[in-house]
**Q** 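Below are the structure tokens for one structure; questions will follow.
By convention in this document, chain letters (A, B, ...) are assigned in the order of the sequence lines, proteins followed by strands, and residues within each chain are numbered from 1.
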2 protein chains.
Amino acid sequence: MESSDVNTEKRIMEAARVVFLRKGMEGSRMQEIADEAGINKALLHYYFRSKERLFEAIFRETLQQAVPDFTSILGEDIPIFRKIELFTERYNEMLRRNPLIPGFVIHELNRSPQRVAGMIKGSGINPAAFIRQILDEIDRGEVRPLNPLHLMVNMIALCVFPFVARPIMQHIFFDDDEAGYNEFISERNEEVASFINNSIRNR
Amino acid sequence: MESSDVNTEKRIMEAARVVFLRKGMEGSRMQEIADEAGINKALLHYYFRSKERLFEAIFRETLQQAVPDFTSILGEDIPIFRKIELFTERYNEMLRRNPLIPGFVIHELNRSPQRVAGMIKGSGINPAAFIRQILDEIDRGEVRPLNPLHLMVNMIALCVFPFVARPIMQHIFFDDDEAGYNEFISERNEEVASFINNSIRNR
DNA sequence: TCCATATTTTACCGAATTGTTTAACCAATT
DNA sequence: AATTGGTTAAACAATTCGGTAAAATATGGA
């Protein structure tokens, strides 16, 4: 019994994840999630009392999955230019597996900014080490003088944006050709890293 | 009669804009829009037959306001590095006045990608001229060899992202200090332009 | 002043949706 | 066989919300 218990909860979570990420909290219907999970609507309320709670669970899980993935690398002991390559590579990889996360988070962020922002902060993000490294490299003359915070924002922006704006870009630039867009995305792996490194390298 | 007509319609549009941009189509309530406009709910339906139509009007207006503003400059006859400065400056300016537009568009884009993307394309966006200029500059040796499409995406990403992710960044990096974040945003004007130009200049 | 038209209010309807309840069912455990 | 707990089905309650009808009020012109 317990095995089916665990499986069902997992199935519900997966189904809810699919629906919520695509349609957001208000846009999603409990019935739709039940259908997606192949179960009864009453069972949703049996496992997660309310839509609110189910959503909370999904949102928390999504953040915990997404944030550490790209944060961790920033604190490791790697030469700066190589670190930036690794960061964009891993971050892009994560986004390629979960392309809907950014849009999802952003939308919920508009609904209740303080709550979401708090959850993200609690997710263990720590820019301090990276900032220190950048300042060091500037001292050593490897990196041109710049504000490390802007650099961090730039790095994230360059990775995230193509996923957030995918439908526009795919339509305007690629005439709705999905394969073409995927090709474009995989090019960005290297493109973004060299774009950043070219910009910050001192000469 | 006509004077109050125009004023009321305008009031409704403004109210709907505020609510829709913050909460999206499904997240918004007609009653809330009516309250915001200081009128009765029935009057909304008198001016705009349905929620759908009202939303459509707001969305169209929003796009027409946002898109040409930053597109036009890309086609003008300006030296490339200067053009990038002007682009980031104007684009940032527009976003500073309408910080909610990117998140709004992105969310609606997820709801009905083809419809929205079509509307944007119809808004008169034309990357061809800019792409040609970049290729020319590469030929002339002013710009290092790169894919102009990636450059365009990078330019937009660097401008837009801080507005989309504002609540997170303001909380994590600035401890919810609004003034601090605004300061950061205005720094980006110059920061982004030099970040790009440093990256693409040939040496 | 009085009429016609535009605008506003009030009250309400119907559909959709969340959440609950109840009874039955099934499968594994004891 | 009896028990237990996950599961289903169906109906229902409660609420929210978009939309409408109709009466009331204001406004400008004859």
**Q** Between C1' on D:dC17 and CD1 on B:Ile33, what's the gap in Å once rounded to a whole number?
**A**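 Result: 12 Å.
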
**Q** Is any side-chain N or O of B:Arg29 closer than 4.0 Å to OP1 or OP2 of D:dG18?
**A**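 Yes, such a contact exists.
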
**Q** Distance check needed: C:dT18 P versus A:Leu44 CG, whole Å only.
**A**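 To the nearest whole Å, that distance equals 10 Å.
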
**Q** What I'd like to find out is whether the side chain of B:Arg97 reaches to under 4.5 Å of the side chain of B:Gln65, using heavy atoms alone.
**A**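 Contact flag for B:Arg97/B:Gln65 side chains = no.
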
**Q** D:dT7, OP1 or OP2 - any side-chain N/O from A:Tyr46 closer than 4.0 Å?
**A**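 A:Tyr46 to D:dT7 OP1/OP2: no side-chain N or O under 4.0 Å.
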
**Q** Between the side chains of A:Glu191 and A:Arg188, is the shortest nitrogen-to-carboxylate-oxygen separation below 4.0 Å, so that they form an ion pair?
**A** no

**Q** Is the B:Phe20 to B:Phe104 ring centre distance short of 6.0 Å?
**A**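 No, the ring of B:Phe20 stays outside the 6.0 Å limit from the ring of B:Phe104, centre to centre.
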
**Q** To the nearest Å, how far apart are A:Gln31 CD and C:dA15 C1'?
**A** 16 Å

**Q** In whole Å, what is the span from the CE atom of A:Met25 to the C1' atom of C:dT17?
**A** 12 Å

**Q** Please enumerate all residues that pass side chain to side chain contact (heavy atoms under 4.5 Å, CB included) together with B:Gln133, with sequence neighbours excluded.
**A**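 Side chain to side chain contact (heavy atoms under 4.5 Å, CB included) list for B:Gln133, sorted by chain: B:Ile80, B:Lys83, B:Phe130, B:Glu137.
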
**Q** Provide the closest heavy-atom pair for B:Ile138 versus B:Leu146 in the form atom of the first, atom of the second, distance.
**A**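 Nearest heavy atoms, B:Ile138 then B:Leu146: CD1-O, 3.5 Å.
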
**Q** Just checking A:Ile39: base, sugar-phosphate only, or nothing, at a heavy-atom cut-off of under 4.0 Å?
**A** sugar-phosphate

**Q** Run the salt-bridge test on B:Glu14 and B:Lys10 with the 4.0 Å N-O cut-off and return the result as yes or no.
**A**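 A salt bridge is absent here (no side-chain N lies under 4.0 Å from a carboxylate O).
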
**Q** Rounded to the nearest angstrom, tell me the gap between atom CD in B:Glu9 and atom P in C:dT7.
**A**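 Taking atom P of C:dT7 as the reference, CD of B:Glu9 is at 10 Å.
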
**Q** Can you figure out which of C:dT10, D:dC17, C:dA6 approaches the side chain of B:Asn40 most closely?
**A** C:dT10

**Q** Does A:Glu108 reach the side chain of A:Thr62, with side-chain heavy atoms less than 4.5 Å apart?
**A**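 A side-chain contact under 4.5 Å is absent here.
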
**Q** Taking A:Arg29's backbone N and O only, do any of them form a donor-acceptor pair with A:Lys23's side chain (distance below 3.5 Å, no angle check)?
**A**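 No, because the side chain of A:Lys23 does not come within donor-acceptor range (under 3.5 Å) of the backbone of A:Arg29.
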
**Q** At 10 degrees resolution, what angle do the end axes of the helix from C:dT1-D:dA30 to C:dT30-D:dA1 form when each is taken over five base pairs?
**A** 10°

**Q** Which whole-number value in Å describes the distance from A:Asn7 CG to D:dT7 C1'?
**A** 14 Å

**Q** Which whole-number value in Å describes the distance from B:Phe48 CZ to D:dT20 C1'?
**A**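 Distance, rounded to whole Å: 18 Å.
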
**Q** Quick one: which protein N/O atoms are closer than 3.5 Å to N/O atoms of nucleotides 19-21 of chain C? Pair and distance per line, please.
**A**
| residue | atom | partner | partner atom | Å |
| --- | --- | --- | --- | --- |
| C:dG19 | OP2 | A:His45 | NE2 | 3.4 |
| C:dG19 | OP2 | A:Lys51 | N | 2.7 |
| C:dG19 | N7 | A:Lys41 | NZ | 2.9 |
| C:dG19 | O6 | A:Lys41 | NZ | 2.8 |

**Q** Show, in sequence, the C-alpha distance, side-chain angles and deciding distance for A:Glu93 and A:Arg90, and conclude whether the salt bridge (charged side-chain N to carboxylate O under 4.0 Å, His left out) test is met.
**A** CA-CA 5 Å; A:Glu93 214 40 63; A:Arg90 279 205 207 164; over 6 Å; no

**Q** Expressed as a whole number of angstroms, how long is the span from B:Glu32:CD to D:dT16:C1'?
**A**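 These atoms are roughly 14 Å apart.
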
**Q** Whether A:Tyr47 contacts D:dT7 is assessed here as follows: a side-chain N or O lying under 4.0 Å from the phosphate OP1 or OP2. Is that the case?
**A** yes

